[in-house]
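What follows is a short report on a single structure.
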There are 2 protein chains.
Amino acid sequence: MNIPEQYSDTISRSELFADIPPDMLADILDRGRRQHIKAGEILFHEGDHADRCYLVLKGRLKLSKLHGQGKEAIIHYVEAGAVIAAVAVFKGKRFPVTARAMGAAEAIGWDRDAIMELISEYAQFAINLLRFAIDRIEELQTRYLELAVEQVERRIARALLRIMRQSGRKTGEGIEIEFKISRQDLADYTGSTLYTVSRTLSNWGKRGWIKSGRQRIVIINPHALVSFSETD
Amino acid sequence: MNIPEQYSDTISRSELFADIPPDMLADILDRGRRQHIKAGEILFHEGDHADRCYLVLKGRLKLSKLHGQGKEAIIHYVEAGAVIAAVAVFKGKRFPVTARAMGAAEAIGWDRDAIMELISEYAQFAINLLRFAIDRIEELQTRYLELAVEQVERRIARALLRIMRQSGRKTGEGIEIEFKISRQDLADYTGSTLYTVSRTLSNWGKRGWIKSGRQRIVIINPHALVSFSETD
DNA sequence: CATGTTGTTTGCGCCGGCGCAAAGATATAA
DNA sequence: TTATATCTTTGCGCCGGCGCAAACAACATG
């Protein structure tokens, strides 16, 4: 595999390659397989045999977990530079979530044997994988706490802010969420419902804090959201 | 540090040392520091500088996360053999949770430098750390889903079953939870309230599914709880 | 353009679960 | 034993958030 020139920036910025010298980096990339995922396509399904671990090069993926009767929780929105499915490091394990591309996406995948080799050869690689895992644990713990103790509207505010920080783009109006996100998506992400999210966003729109349309949200006044999520 | 003979069983069974030969094991243990924690004492506080990572040798620890106004979520109950605070591997990070001993406990702690050395010297050690991290991610994702989509009583049932599997002991009456656990604890663990938990346990007691007293729960009919948590 | 599809809003009613309060039960100390 | 603290139970009332239903709005397709 050639080193994908157009993603050299994403790659060098990814925590996965922190403190890894260029020649090792080239070797590591070389042992992976590049993969294209079309918009809406699924990279892997929850429950499938986890045989491969990925670095996201381009685009965004939605990691979600299903529960009977069509209910679903969105576990994580993943950006370029992130590692997913590190679970594939362990033989016999299955993917605990489903990964769906939200737009055209691209990734490098390493199969189990390749990862194991890389870990034994480059200690730093193992540490970097561990870093991703621990960051995920921290985020999950934080969101678990929120879900357990905070009211719905607060959770929605925090979710919006978290997504904004991760995937926000400055525009003339304010900070726009870069990907399509429906009321249902936000509900699945916050453990709420389509209706409650709609009412809440509607309310914030009237107050001028945000502007929202079909699958589109612009945060006009982040500070108002922050103080709403903290005060009272 | 001498190899603690009385815990050789816990140590050899711990996933942390899976596929690690005895001589390496001795070396790894040797570089750690043994620590005793009295009942109710705190091993580390959320927010403190994370300088040390632990393997629990004896006893149980409660990992919890605080939220304003005395609200608290119990993130995890930890048994002997588990690794906690792997976050200490990374410079500058802070403990994301508080660890409190539920009875007299004992642990081996490695400081950051020691862990980094161990990882570079023993690739398998890094993999084993990664395994703990990934197991935690999976459990958190599962509990997050539950909290997001399931009703309170179902969550309480699942929580009881999870704790039973991890810390249950067969007695004449049924399977007893080995540590003291109050209604408030269960509420903090399930994202509910003292009152709702009490009413629920009371109800299950009347049906003969469980028997419960002050900080004590015996599961008489696990099957009933399982089907309650799944059906309908 | 017309037509179908998918996403959003909002009125309305309902109920699961919360939280107070007060009494009862169980443990610890004196 | 009595006293004190802590934990548990349960009646009662309330309300945040859910979920239906129906209308509306935005996009896709040919």
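Values below: every heavy atom of this structure, side chains too, minus hydrogens, waters and symmetry copies. Note on naming: letters A, B, ... go to the chains in the order of the sequence lines (proteins, then strands), and numbering restarts at 1 for each one.
Between B:W204 atom CH2 and D:dT10 atom P there is a gap of 15 Å when expressed in whole angstrom units. Here the P atom of nucleotide D:dA25 and the CZ atom of A:R183 are 15 Å apart, to the nearest Å. In this entry the distance linking CG of B:L194 with P of D:dG11 reads 16 Å, nearest Å. Going from atom CZ of A:R216 over to atom P of C:dT9 covers 12 Å, rounded to whole Å. Protein atom OH of A:Y195 is 17 Å distant from nucleotide atom P of C:dC12, rounded to whole Å. The CD1-P distance, from B:I181 to C:dA27, rounds to 17 Å in whole Å. The CD1-P distance, from A:I210 to C:dT8, rounds to 12 Å in whole Å. Atom CD1 in B:I217 sits about 14 Å away from atom P in D:dC7, given to the nearest Å.
Comparing atom distances between the A:S192 side chain and each of C:dC18, D:dC18, D:dG17 picks out D:dC18 as nearest. Closest to the side chain of B:Q151, out of D:dG17, D:dT9, C:dG16, is C:dG16. For B:R214, the listed nucleotide lying nearest its side chain is D:dT6; candidates were C:dG17, D:dT6, C:dG11. In this structure, the nucleotide among C:dT9, C:dG17, D:dT10 sitting nearest to the side chain of B:S198 is D:dT10. Ranking D:dT10, C:dC18, C:dT9 by closeness to the B:V152 side chain, first place goes to C:dC18. Out of D:dT6, D:dT8, D:dT9, the shortest distance to the side chain of B:Q215 is found at D:dT8.
Checked against the 6.0 Å centroid threshold, B:Y54 and B:W110 do not count as a close aromatic pair. Under the 6.0 Å cut-off for aromatic ring centres, A:F44 and A:F95 qualify, their centroids lying closer than that.
Residue B:T193 places none of its side-chain N or O atoms closer than 4.0 Å to OP1 or OP2 of C:dG19. Contact between the side-chain N/O atoms of A:S182 and the OP1/OP2 oxygens of C:dG7 is not found at any separation under 4.0 Å.
If you check every strand for non-hydrogen atoms under 4.0 Å, B:E153 touches nothing. If you check every strand for non-hydrogen atoms under 4.0 Å, B:S202 touches sugar and phosphate atoms only.
Taking the six-membered ring for Trp and thresholds of 30 and 60 degrees, A:Y189 and A:Y77 have ring planes inclined between 30 and 60 degrees apart.
With hydrogens and angles ignored, the 3.5 Å screen pairs a side-chain donor or acceptor of A:R155 with a backbone N or O of A:G191.
Taking for each of A:K180 and A:R155 the nucleotide of DNA chain D with the nearest heavy atom, the 5'-most of the two is the partner of A:R155.
Put simply, the side chain of A:R199 and the base of D:dG16 share no donor and acceptor less than 3.5 Å apart.
Taking 4.0 Å as the cut-off between side-chain N and carboxylate O, B:K71 and B:D188 do not count as a salt-bridged pair.
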